[in-house]
Amino acid sequence: MFSCNTSTFGHSTFLLTGFPGLEASHHWVSIPINLICVVTILGNSMILFLIRTDPALHEPMYIFLSMLVASDLGLCASTFPTMVQLFWLGSRELPFDLCAAQMFFIHAFTYVESGVLLAMAFDRFVAIRDPLHYATIFTHSATAKVGAAILVRAILLNLPGPILLQRLLFPQISVLSHCYCLHCDLVGLACSDTWINSLVGLISILLSLGLDSSLIVLSYALILWTVLSIALPRERLKALNTCVSHLCIVLIFYLPKLGLSVLHRVEKHSYPALAVLMANLHFLVPPFMNPIVYCIKSKQIHQGLIKRFQQKRVDIT
């Protein structure tokens, strides 16, 4: 830990942290992480292209999916550069301005993804509860407004963070806990009073991840209540099957965050390399798994991909 005796406003240099004890093997350790990033970019780009070009997928559920995919690509683009800088180039230094910008985009795309998951949960509830009026409720205009509201909320909740960081004193050199910048990490490194930053960060999380996760649980409770009121077992199974993909994505998004939170409070100091690995994977796994889940579980996406490959094969022949 560097001394606060040489603290300064906004001119600090932050040092990225890789895997403790494995610094000499960073090139090898980072290979699977970089492969995950590459596959994530290709997979999500393919899903986004498919939804954009296939008229059969221009439905609210798949429009929300395209928003989810776009936020995944943004999240990967926000974290990947510093991973490459640290693991492949061996450079740990990151200026304050770049660190604050990365922090803003990481949190913003995370909040966008959380908001889209909530919108998709409500979409599934309406589709099961009132299928006859589904098309009149989730019009293209309403879907666009929901997407815009999610984006505006993410920007407004995260905008105060980088601004308030400007008023804090930091050591001239500070060591981060991860290979990217997070709000809680930067606030913990500050040498001055941080209660306003901590309060703003807490309110931001409660109004995004906290509120969204609670409403998602409520949506699925209402979905389950609606499904149980359906008389025919076949219709119950059919209704529940439309939620499987989304439920898998919700679990993939929230469970790594919960696991990382528990690890930081219980065994962070005992297993620092495991904590760093979990911190990297909790941002990389959801964008990596989302296209895989939808390619396997979504019949429309699966058929759209097969149709595209068959069309390519015919064109080549």
With sequence neighbours excluded, what pairs up with F283 under the ring-ring contact (aromatic ring centres under 6.0 Å, His included) test?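 With neighbours one apart ignored, the set is Y180.
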Are [X] and [Y] packed together at the side-chain level, in the sense that at least one heavy-atom pair is separated by less than 4.5 angstrom?
X: E93; Y: L15; value: yes
X: P162; Y: M103; value: yes
X: M46; Y: P291; value: no
X: F170; Y: L165; value: yes
X: I33; Y: L284; value: yes
X: T17; Y: R92; value: yes
X: L176; Y: L186; value: yes
X: V146; Y: M67; value: no

Tell me the closest heavy-atom pair linking [X] and [Y], and the distance in Å.
X: P81; Y: A77; answer: CD-O, 2.9 Å
X: C243; Y: R124; answer: SG-CB, 4.0 Å
X: H183; Y: N197; answer: CE1-O, 3.2 Å
X: A154; Y: V112; answer: CB-CG2, 3.5 Å
X: P286; Y: E113; answer: CB-OE2, 4.2 Å
X: I252; Y: V293; answer: CD1-CG2, 3.9 Å

Hey, any chance [X] and [Y] share a hydrophobic cluster, counting ILVMFWY side chains that come within less than 4.5 Å of each other, even indirectly?
X: V217; Y: V126; value: no
X: L42; Y: L75; value: no
X: I216; Y: W225; value: no
X: L98; Y: F96; value: yes
X: I163; Y: L182; value: yes

By side chain to side chain contact (heavy atoms under 4.5 Å, CB included), which residues pair with L222, not counting sequence neighbours?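 By the side chain to side chain contact (heavy atoms under 4.5 Å, CB included) rule, L222 matches F125, L218.
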Ignoring hydrogens and geometry beyond distance, is a side-chain donor-acceptor pair present between S71 and Y111 at under 3.5 Å?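 Y111 and S71 do not have a side-chain donor-acceptor pair below 3.5 Å.
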Taking [X] for its side chain and [Y] for its backbone only, find out whether a donor-acceptor pair lies under 3.5 Å.
X: S208; Y: I205; value: yes
X: S214; Y: G210; value: yes
X: S114; Y: T110; value: no
X: N290; Y: N44; value: no
X: S204; Y: N158; value: no

Side chain to side chain donor-acceptor pair (under 3.5 Å) involving N241 - partner list, sequence neighbours excluded: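 Partners of N241 under the side chain to side chain donor-acceptor pair (under 3.5 Å) test: none.
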Gap between atom [atom2] of [Y] and atom [atom1] of [X] - 0.5 Å precision:
X: C248; Y: Y294; atom1: SG; atom2: OH; value: 9.0 Å
X: I63; Y: H140; atom1: CD1; atom2: NE2; value: 5.0 Å
X: R236; Y: L228; atom1: CZ; atom2: CG; value: 6.0 Å
X: I106; Y: S78; atom1: CD1; atom2: OG; value: 6.0 Å
X: L86; Y: S91; atom1: CG; atom2: OG; value: 8.0 Å
X: L117; Y: D123; atom1: CG; atom2: CG; value: 12.0 Å

Using a cut-off of 6.0 Å, state whether more than 12 heavy atoms not belonging to F122 lie near its atom CZ.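 Count not over threshold, so no.
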Which pairs, with at least one residue in residues 203-224 and sequence neighbours excluded, count as a ring-ring contact (aromatic ring centres under 6.0 Å, His included)?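 Residue pairs with at least one partner in residues 203-224: Y220-H246.
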So do C37 and C76 have their SG atoms closer than 2.5 Å?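 The answer is no, since C76 and C37 keep their SG atoms 2.5 Å or more apart.
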Full working for side-chain contact (heavy atoms from CB on, under 4.5 Å) between I301 and L65: CA-CA 11 Å; I301 294 289; L65 177 58; 4.1 Å; yes
Residue pairs, two or more places apart or on separate chains, that pass side-chain hydrogen bond (donor to acceptor under 3.5 Å, both in side chains) and touch residues 55-69: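 For residues 55-69: Y62-S298, Y62-Q300.
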F104/L159 under side-chain contact (heavy atoms from CB on, under 4.5 Å): CA gap, chis, key distance, verdict: CA-CA 7 Å; F104 172 81; L159 200 56; 4.2 Å; yes
Report the C-alpha separation of Q85 and L94 in whole Å, then their side-chain angles, then the decisive distance to 0.1 Å, and conclude whether the side-chain contact (heavy atoms from CB on, under 4.5 Å) test is met. CA-CA 10 Å; Q85 175 183 335; L94 195 66; 4.0 Å; yes
What pairs with R153 under salt bridge (Lys or Arg N to Asp or Glu O under 4.0 Å), at least two apart in sequence or on another chain?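 For R153 the salt bridge (Lys or Arg N to Asp or Glu O under 4.0 Å) partners, ignoring immediate neighbours, are D212.
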